[in-house]
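Quick notes on the structure that follows.
Every chain is numbered from 1, with letters handed out A, B, ... down the list of sequences. As the structure is a prediction and not an experimental result, all values here were calculated from the model.
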Amino acid sequence: MEKQKKIKPPKELPSGFEDRKEKELLIRDFIILKIKEVMVKYGFQYLETPSFEYTESIGKFLPDKERPGEGVFSFKDENKWLSLRYDLTAPLARYVAKNFNEIPKPFKRYQLGTVWRNEKPGPGRFREFLQFDADYVGTKNLQADAELCVMISEILENCGLAKDDYIVKISSRKITDTLFEKLKIQSEEKISIILRALDKIDRLGWTEVKKLLGEGRKDKSGDYTKGANLKDDQIKIIENSLNVNLPESEDLKQIIKIFKDYKFDNYKFDPSVIRGLEYYTGPIFEVNLNFNVKNLKGQVIQFGSIGGGGRYDNLVSNFGNLDYPATGISVGIDRLVFALMQKKEFDLKVISPVMISVFDQNNMKKYIEILMKLRSENISSEIYPGEGKIKKQMEYANRINSPCVIFVGEEEIKNSEVKIKDLSTGKEINIKNENMVNEIKKII
RNA sequence: GCACGGGUAGCUCAGUUGGUUAGAGCAGCGGUUUGUGGAACCGAAGGUCGACAGUUCGAACCUGUCCCCGUGUACCA
C-alpha cells in the first residue's frame, strides 16, 4: 500500500503578519474611540480611501525613485500595477488632487486605516498595521502645524499616558538646510548620509553617531556601516548645532509662540529629528515615548517613535494641480497599543456568556426558552455549544470565564426551577424560573 | 541586504564526546465519575528532529547549500 504524502498547508503566518486577539483589539478600540473624540473636537472630517491605489499614484513619491515598487506590495491587474497603500498621506494627496473642486479649502481630514509595507519586520513593527493620520491641506499657516502637535498630545493623554510618558519633538528642514550651508556641503549623497546618522542619535547616542559622521561604525554584531567621512571641524560644527536649545529658524520660533498660546509645553526642540528625507519641506515633528518597551520575552527593545509628521508643501502638486501646501501627522496605532498595554492597566470588561448546560438533547426546547429569556434581558448567554458530559461542559465554562452555569435537569423541570452555579464562588442555588433573571443579574 | 542566535510532538522545550526503539511538561483523546469546572489519578496516542546534499559502518548531533523564525544593523513614505 502506498501511503499518500500529505501536503500540509503551513499554519505559520507570512513574516510580519499577526493574528490579533481580543485583549489587544479591545484596547485598540478604546484608542480609536479616543482619537475620534479628539478629532471631532478639533474639527476634522472623517475620510476613507481604498487599500489599493495605482502604483504610480502612490509610488511616484517614493524617496528612492530608482526602485519604484520597492517596499510596497504590488500586483499587476490587467495592464496596470496596483499597490497596497504604505501610508495614508499619499492617498490623501491623490484624493485632494482628484476632488480639488469639491473639497473645502483649506481641507482638514483624518483617517484610520490599515497600511502595508513590504520590508523586514522588527520588534513591534509589522508588515501590516493600523495607522492614524490627520492632515491640514491648503494652508501655510503654521498654526496648523502647531495644532497637530497639541492635538496628538491630547490624544495620548486621553488614552491614559501621563505628561512625562511622552514628548513631542520638533525641528525643521530649515534647520538642517542652514547647517549644510554652514558646513559648505552640497553633495546630495553626503547630505543624506549625514541626515540619516543624525536621525540615530536617540538610539545610538552621540559617540556612535560621531563615528557614522566620520569613518564609520561597527555595530555589536560586528556589522560595519560606512560613514560620511567628515573632517573633525565639520563634526564639531554639527555637534555645536545639536546643543542649541532654542531654534533659530523663523518657522519654529513662530510655532513655539503658538504653543504658548495653547499652553502646550510638552515639546522639545531637537535638531536631530529628521524623518523622511525628500518629503518634508518645513517643520517636522516626532512623538517619542519616555519609557522602556519590552517584547514578549521580556527583553527591552528599540521601540523608536510612535508617530510623527511635518509639512510637505509640494505633494499635491505632483498630480499636476497647482502648488498646494499641506502638513500632517501619523501614528502607528498598533505600536501605541503595544506600548500602552505595558504602561497602563486596562480594566477591560471582557464579557463572557452565562452558559446553559445541556443534560438532554430532548430538552433543547426548554434550554432555548431560557436562552431567549436571558438574551431578551441583554444578558450574554449561550447553550453549551459542544457535545459531551457535564464535566466537559464545566471545563468549557471555566475556560471561557463564564460567570455562571445554569443547570436544568429533570428534577429542576419538575419543580419549575433552575439551578444556578456561580463559577467564581462555586456556590449553587435552586431558584424558581421567574426569579432566574434577577438572580443572574446579581452574579454577573 | 549584512551580522549573530535559533528551527526536535499541536504548544514550550530537554537530548551527553556521533551509537541501536528520539524524551518531558502542557494541550488534546479515553477512563476513574453517564448531574458539576478552576494544576487529582490512570491509560493510550502523537515525530520526514526545517529541506536537500555530503562525510561516516552509523547523523537530531559533523560539513555545505537553501528555506523559515528571533535580535541587532542597514533602508524606511
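- Salt-bridge formation is not detected for the pair A/K200/A/E208: no Lys NZ or Arg NE/NH1/NH2 atom is positioned less than 4.0 Å from an Asp or Glu carboxylate oxygen.
- Here A/E208 lies out of heavy-atom contact (under 4.0 Å) with every strand.
- Applying the Watson-Crick and G-U wobble criteria (two distances, each under 3.5 Å), B/U73 pairs with B/G1.
- With C1' as the reference atom, B/C49 and B/C13 are 13 Å apart, rounded to whole Å.
- Nearest nucleotide to the side chain of A/E411, out of B/G37, B/G35, B/A77: B/G35.
- Taking atom CG of residue A/N398 and atom P of nucleotide B/G38, one finds them 6 Å apart after rounding to whole Å.
- Nucleotide B/U33 has no partner under the Watson-Crick or G-U criteria, as no pair reaches both atom distances under 3.5 Å.
- Contact annotation for A/E119: base contact, defined as any heavy-atom pair under 4.0 Å involving a base atom.
- Spacing between atom NZ of A/K391 and atom P of B/G35 amounts to 13 Å, rounded to whole angstrom units.
- With contacts defined as side-chain heavy-atom distances shorter than 4.5 Å, the pair A/M39/A/M151 qualifies.
- Nearest nucleotide to the side chain of A/L212, out of B/G31, B/A74, B/G35: B/A74.
- Residue A/R203 places at least one side-chain N or O under 4.0 Å from the OP1 or OP2 atom of B/U73.
- Within the structure, a side-chain polar atom (N or O) of A/R196 is placed less than 4.0 Å from OP1 or OP2 of B/C75.
- When the side-chain nitrogen and oxygen atoms of A/K120 are compared with OP1 and OP2 of B/C2, none of them lie within a distance under 4.0 Å.
- Figure legend. B/A9 is base-paired to no nucleotide; pairs are counted as Watson-Crick or G-U wobble with both atom distances under 3.5 Å.
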Indicate every side-chain donor-acceptor pair of residues 399-408 of chain A with a distance under 3.5 Å to a residue at least two apart or in another chain.
from: A/S402; atom 1: OG; to: A/P353; atom 2: O; distance (Å): 2.6
from: A/S402; atom 1: OG; to: A/M355; atom 2: N; distance (Å): 3.4
from: A/S402; atom 1: OG; to: A/C404; atom 2: O; distance (Å): 3.1

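- Nucleotides B/A3 and B/A40, compared at atom P, are 49 Å apart to the nearest Å.
- Taking for each of A/I193 and A/P121 the nucleotide of RNA chain B with the nearest heavy atom, the 5'-most of the two is the partner of A/P121.
- A/L204 comes within 4.0 angstrom of the backbone, heavy atoms only, and of no base.
- OP1 and OP2 of B/C76 both lie 4.0 Å or more from every side-chain N or O belonging to A/R125.
- Sequence order on RNA chain B of the closest nucleotides to A/P14 and A/K421 puts A/K421 first from the 5' end.
- OP1 and OP2 of B/A74 both lie 4.0 Å or more from every side-chain N or O belonging to A/K226.
- Within the 4.0 Å cut-off from OP1 or OP2 of B/C69, at least one side-chain nitrogen or oxygen of A/S15 is found.
- A salt bridge is absent between A/K414 and A/E411: the closest approach of a Lys/Arg side-chain nitrogen to an acidic carboxylate oxygen does not fall below 4.0 angstrom.
- Look at NZ on A/K200: it is 9 Å from C1' on B/U73, rounded to the nearest Å.
- Regarding A/L423, its CG atom lies at a distance of 7 Å from the C1' atom of B/G37, rounded to whole Å.
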### Task
Check the pair A/E439, A/K442 against salt bridge (Lys or Arg N to Asp or Glu O under 4.0 Å), reporting the backbone distance first and the verdict last.
CA-CA 5 Å; A/E439 193 57 38; A/K442 273 191 240 164; 3.2 Å; yes

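- Rounded to an integer number of Å, the gap from A/R399 CZ to B/G38 C1' is 11 Å.
- In this structure, the CD atom of A/Q393 is 11 Å from the C1' atom of B/G37, given to the nearest Å.
- B/U56 makes up no base pair with any nucleotide shown, lacking Watson-Crick or G-U wobble contacts both under 3.5 Å.
- Nucleotides B/G6 and B/C61, compared at atom C1', are 15 Å apart to the nearest Å.
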### Message
Run the ring-ring contact (aromatic ring centres under 6.0 Å, His included) test on A/Y42 and A/Y110 for me, step by step, so that the C-alpha distance in whole Å, both residues' side-chain angles and the decisive distance to 0.1 Å come before the verdict.
### Response
CA-CA 10 Å; A/Y42 278 67; A/Y110 76 103; over 10 Å; no

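- Backbone-only engagement by A/T225 is indicated by non-hydrogen atom pairs under 4.0 Å involving sugar-phosphate atoms exclusively.
- Within the nucleic acid shown, A/E412 comes within 4.0 Å of at least one base atom, counting heavy atoms only.
- Straight-line distance from the CD1 atom of A/I400 to the C1' atom of B/G38: 13 Å, rounded to whole Å.
- Applying the Watson-Crick and G-U wobble criteria (two distances, each under 3.5 Å), B/A45 pairs with nothing in any strand.
- A sub-4.0 Å separation between OP1 or OP2 of B/G28 and a side-chain N or O of A/K392 is absent.
- To the nearest angstrom, P of B/C11 lies 14 Å from CG of A/D19.
- Between A/K211 and A/T225, every side-chain heavy-atom pair lies at or beyond the 4.5 Å cut-off.
- The gap from the C1' atom of B/C67 to that of B/A51 amounts to 7 Å, rounded to the nearest Å.
- Only the C1' atoms considered, B/C4 is 30 Å distant from B/A77, to the nearest whole Å.
- Side-chain contact between A/L336 and A/L156 is present, with heavy atoms from C-beta onward closer than 4.5 Å.
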